[in-house]
Amino acid sequence: MPSRSKLDTVKIAFRNNKFRFGFGLLMFFIIFSLVGGIFTPFSGDGLYYEQIPNTTVKIATYSQKTLPPMSEETLITYLGREIKVRHILGTDAFGKDVYAQLVQGLRTSLWVAFLAAIIGTILGITIGFAAGYRGGWVDEGLMMFVNIMLVIPSIILLILVAAYLSARSPEVQALIIGITNWPWVARAVRAQALSLKNREFVALAKIAGMRDLAIIFGEIMPNMVSYVFMAGILQFSGAILASATLDFIGLGPTTTVSLGTILQKAIAYNALQFGSWWWFIPPGLIITLIITALFFVNLGMEEVFNPRLRRGGE
Amino acid sequence: MGFKKYLVRKTGVYLITFLFAVTLNWLLPRLMPGNPIEGMMAQAGTGGVNEALIEFYEKLYGLDQPLWKQFVNFWSSLFHGDLGYSILYRAPVMDILRHALPYDIVVLLPAIALSWLVGNWLGAIAGKNKRYDRYTMPIFYFLASMPYFWFAMLLVYFVGVELGWLPYQGAYDPSTVPSFSAGFVLDFLKHWILPFLSLFVVMIGSWAIGMRNMIIYELEADYVRYLEALGGSEKLLTKHAYRNAILPQVTGLALQLGLMVAGAIATEIVFNYPGIGVLIMNAALSQDYFLLQGAFLIVVISVLLANFMIDIIYPFIDPRVRASYTEG
């Protein structure tokens, strides 16, 4: 691997079908979350806002009906204007546009997962690396802690913490997911560090009189990048699932919509019994597809780095 | 000799984990902003915040005592089986949990055990057969990616609401009285199928993926190549590969238990199944301090126990683990 340049690795990755599929799907959802809003006149909370002339005040217009996808409706706004709107994915029990909420919810969920993955990965790398590179009692102590955190179900910890916080922003949620999701990364990074620190090039660097930090960042880290990146991807998908589960239990962000809160509302207002499938199928499907995409990205990368796993279809 | 040492060490590790979890459980609400008793009463709708009532509850729960004393009290009441009193349900937490726990067990145990068997079986086939693998692998990944509760919602909608084949709310018909009559048992089973299926199907995905990868890895291993060179039959090769591939899946079982808890909680909410999951949700939403702590304890204890049992069984099935402590 050290002899292969980064660009080559990327090229090989893009030749891998699984990687291409996963990456493409993921990119689609990221772009959709950013630009999806331009296809609908509704704002992220599913309401139509109208600005009052000569002020910055905006007033929302409510429609009262639960409508199936692609239905058109004429809204009468606060100022008495009549506007024809189309609900791409219908409306929920409050008459709010589902498509607009989905775009906003996707953005929130991706943002939470992104932050949580970064926090979790950094924590995991630091702790795992310290344990593996230092060894001795530092290793013993840290690994004890990692193993404890691994057996205690993190979702229970998350629920406990989330329940005691009354105001929850997506960032706070990301923080609490991040600080419970790191033990897996720590374990993997420790194993890598253990094997890498005994390689010849590290021994050479030591003989050459390089400082510990220089060895870590100059010699060992570059060899772990791909590994850490893959751990980060798994963190990301774990965080999406964790945040969706928290939201679904009713412990999601109180300030905005997320994919999980849409599903929670759907259950709470009997979307299943009333047959409003457009309210609960799309958000769950998006979560599933994002996680599938991340799996495929990881799978593709694994095949790039570990040719033994390459088989069939290539 | 060696096994005894292994057992002592494992027991020690799990005891420390238990101590840590319980301490965390005690500490967390105390680290959080706000007065939990006030919040709890406001949520339970006892008509605003009553100073005298707060004082009464603080005394009742010993919250007026110094921290170290509260910590000691917490442990001593824990060993007396006293987990406090739920304001939401107006009953001792221990009693509430005792009524809910059996519902979790009847759904979770069969779902975990059967999905493990079926998933490993399907994964092993995929690992061996490339053609079959190409079609099933994306399905496994899709299954493993589904949030448990979303699949549960799909089942409720399609099987329960649209087709009307099975009931999808509660553990039995509210008009019946729980008993061991044939009618009730049948009704209970009907209510059980969908929650069971929702967990079972999703879990199959991750077991199959794990097994598939392990089989591919083992079939490429040197000892299989060697066997092949010696002219071993394909059946023999698979047998050896399978035996080695299944071992990590047993460890996986222990580690997955913690994750399955999340699935079970959300699934119970969808089906309104009266297990710990619904209790946790209600407790979390109304900040029912003691119920939440009690539920946390029950979940942690069950996960630890299950892990401990798997750790004990493990050396009997994996000679490498056995060797590591008999030699060392």
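Below, read A as the first sequence line, B as the second, and so on, with proteins coming before strands; counting in each chain starts at 1. What you see below is based on every heavy atom in this structure, not just the backbone, and it leaves out hydrogens, waters and symmetry mates.
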Residue part contacting chain A, namely of [X], when any heavy atom lies under 4.5 Å:
X	answer
B/Phe140	neither
B/Tyr168	side chain
B/Phe18	neither
B/Ile265	side chain
B/Leu24	side chain
B/Phe149	side chain
B/Glu268	neither

Measure [X] against the heavy atoms of chain B and call it side chain, backbone, both or neither at under 4.5 Å.
X	value
A/Ile155	side chain
A/Leu246	neither
A/Leu299	side chain
A/Phe145	side chain
A/Ile249	both
A/Leu285	both

Can you tell me how far [atom2] of [Y] sits from [atom1] of [X], rounded to the nearest 0.5 angstrom?
X	Y	atom1	atom2	answer
B/Asn272	A/Ile267	CG	CD1	9.5 Å
A/Phe295	B/Ser206	CZ	OG	7.5 Å
A/Phe248	B/Met281	CZ	CE	8.0 Å
A/Met144	B/Phe20	CE	CZ	10.0 Å
A/Ile156	B/Phe296	CD1	CZ	7.0 Å

Tell me which of these, [options], has more heavy-atom pairs under 4.5 Å with chain B than the rest.
options	value
A/Leu160, A/Ile159, A/Leu241	A/Leu160
A/Asn147, A/Val161, A/Leu289	A/Val161
A/Ile287, A/Ile291, A/Leu294	A/Ile291
A/Leu165, A/Thr292, A/Leu150, A/Thr245	A/Thr292

Among [options], single out the residue with the greatest number of heavy-atom pairs under 4.5 Å to chain A.
options	value
B/Phe151, B/Tyr148, B/Phe142	B/Phe142
B/Val261, B/Asn25, B/Leu143, B/Thr17	B/Thr17
B/Leu292, B/Val300, B/Ile209	B/Leu292

Worksheet entry | Full working for side-chain contact (heavy atoms from CB on, under 4.5 Å) between B/Trp150 and A/Thr288 | CA-CA 9 Å; B/Trp150 182 64; A/Thr288 310; 3.5 Å; yes

Should the heavy atoms of other residues, nucleotides or ligands under 6.0 Å from [atom1] of [X] be counted, would the total exceed 12?
X	atom1	result
A/Trp111	CH2	no
B/Tyr14	OH	yes
A/Glu140	CD	no

*asked:* Any non-hydrogen side-chain atom of A/Val151 less than 4.5 Å from a side-chain atom of B/Leu304?
replied: yes

Closest non-hydrogen contact found for B/Tyr157 with A/Gly275 is CE1-CA, 3.5 Å

Taking every heavy atom of B/Pro147 against every heavy atom of A/Gly284, the minimum-distance pair comes out as CD-O, 4.4 Å

